[in-house]
Amino acid sequence: MTQRARPTATYILIIINIVVYLLMTIAGGSENTAVLIGFGAKVNQLIVNGQWWRLFTPMFIHIGLQHIVLNMVTLYFIGLQIEALFGKWRFVLLYLISGLGGNIASFVFSPSISAGASTSIFGLFGAFLMLGESFRQNPYIKATAKQFLILVILNLGLGFTGIDIAGHLGGLLAGFLTAYVVGVPNFGEIPTNKKVLSGIALAIIYVILAVAGFKQY
């Protein structure tokens, strides 16, 4: 029986998030607005003013201890599975592109300051939903995809109590489409037409959203 590779990419992402949180704590606290802005939280007006990196950096920033603990525990368990199925570099791409996609959606639809790995984590949920659509004949994938779908629905329900639901949905869609593009060679082949169409849809949707966001401020 082949031994599963160590999920080093998952560990590294978790470490980066924890280090950033500790640095924010030392700088004055992760719930301090000035600290959040200084470390790169999503602030729409600053993005419009040219600080476009704020569409990327929020996926490594957390607001409070509970926020980072919940996200890192979730990232650990979903990361173990996604990294094993997709491989390290595809997993990292899924995390980064999903986080970017979620932050773009938040930029367009949410005026509030926001941060957190949730956009990336929802993208990983989206990647597993892609597996559920493409490999539904596999009992493990089918059952696990259903579990993740229920989890997604529950989390989106919580979005109406103040969580950045636009960021979650944006990350979910970005992860779903990116998973088709990068493929999953460790598990099975994705048809070329699905890869191409998903790549085109991914580019069109998020370019349109980004342009809309810059135009409205």
Side-chain angles (χ1 to χ4, degrees), residues 9-64 67-68 71-72 74-75 79 88-127 163-179 181-182 199 201-217:
T10 299
Y11 294 155
I12 290 171
L13 287 172
I14 290 173
I15 289 170
I16 292 172
N17 278 280
I18 291 175
V19 168
V20 171
Y21 176 79
L22 292 175
L23 290 173
M24 292 177 69
T25 301
I26 294 170
S30 63
E31 297 182 75
N32 183 304
T33 301
V35 173
L36 282 167
I37 293 174
F39 273 77
K42 190 217 72 173
V43 181
N44 290 353
Q45 192 58 56
L46 293 179
I47 293 171
V48 172
N49 291 343
Q51 297 182 20
W52 51 267
W53 61 84
R54 293 181 184 275
L55 294 172
F56 180 84
T57 51
M59 70 183 86
F60 298 104
I61 298 171
H62 290 84
I63 307 172
H67 191 204
I68 189 170
N71 273 351
M72 292 305 99
T74 305
L75 176 57
K88 298 185 190 310
W89 294 111
R90 288 177 176 82
F91 166 69
V92 172
L93 281 174
L94 283 166
Y95 182 94
L96 296 178
I97 295 174
S98 298
L100 177 62
N103 289 327
I104 289 173
S106 178
F107 169 54
V108 177
F109 297 108
S110 174
S112 304
I113 294 176
S114 64
S118 299
T119 51
S120 296
I121 291 171
F122 264 73
L124 301 181
F125 289 157
I163 295 173
D164 189 352
I165 193 169
H168 287 181
L169 285 172
L172 182 73
L173 179 60
F176 183 76
L177 294 173
T178 303
V181 176
V182 301
L202 180 71
I204 290 175
I205 290 170
Y206 289 95
V207 167
I208 289 175
L209 285 176
V211 171
F214 278 97
K215 282 187 175 181
Q216 72 178 334
Y217 291 102

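The basis for the numbers below is simple: all heavy atoms, side chains too, and nothing from hydrogens, waters or symmetry mates.
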Centre-to-centre under 6.0 Å for F107 and F214, is that the case here?
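That pair passes the under 6.0 Å test.
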Ring centers of F122, H168 separated by less than 6.0 Å
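They qualify: ring centres under 6.0 Å apart.
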Give the intermediate values and the outcome of side-chain contact (heavy atoms from CB on, under 4.5 Å) for residues I113 and R54.
CA-CA 11 Å; I113 294 176; R54 293 181 184 275; over 6 Å; no
Return the minimal non-hydrogen interatomic distance between A105 and A166, and the atom names on each side.
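The pair with the smallest heavy-atom distance is CB-O, 3.4 Å.
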Closest heavy-atom pair and its distance - N17, F60
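Shortest heavy-atom separation between N17 and F60 comes out as OD1-CA, 3.2 Å.
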Show the numbers, then the answer: is there a side-chain contact (heavy atoms from CB on, under 4.5 Å) between S30 and H67?
CA-CA 10 Å; S30 63; H67 191 204; over 6 Å; no
Nearest 0.5 Å please: distance from the [atom1] atom of [X] over to the [atom2] atom of [Y].
| X | Y | atom1 | atom2 | answer |
| --- | --- | --- | --- | --- |
| N103 | S98 | CG | OG | 10.5 Å |
| I68 | L75 | CD1 | CG | 10.0 Å |
| L209 | L55 | CG | CG | 11.0 Å |
| I63 | N71 | CD1 | CG | 10.5 Å |
| L177 | I97 | CG | CD1 | 10.5 Å |
| I104 | I47 | CD1 | CD1 | 9.5 Å |

State, yes or no, whether a side-chain contact exists between [X] and [Y] at a heavy-atom distance under 4.5 Å.
| X | Y | answer |
| --- | --- | --- |
| M24 | L36 | yes |
| L172 | F125 | yes |
| F109 | L169 | no |
| S114 | S112 | no |
| I18 | I14 | yes |

Between [X] (side chain only) and [Y] (backbone N and O only), is there a donor and an acceptor less than 3.5 Å apart?
| X | Y | answer |
| --- | --- | --- |
| Y95 | M59 | yes |
| K42 | S106 | yes |
| T57 | G40 | yes |

Walk me through whether Y206 and L173 qualify under side-chain contact (heavy atoms from CB on, under 4.5 Å).
CA-CA 10 Å; Y206 289 95; L173 179 60; 3.5 Å; yes
Give the C-alpha distance, both sets of side-chain angles, the deciding distance and a yes or no for side-chain contact (heavy atoms from CB on, under 4.5 Å) between F91 and L13.
CA-CA 11 Å; F91 166 69; L13 287 172; 3.7 Å; yes
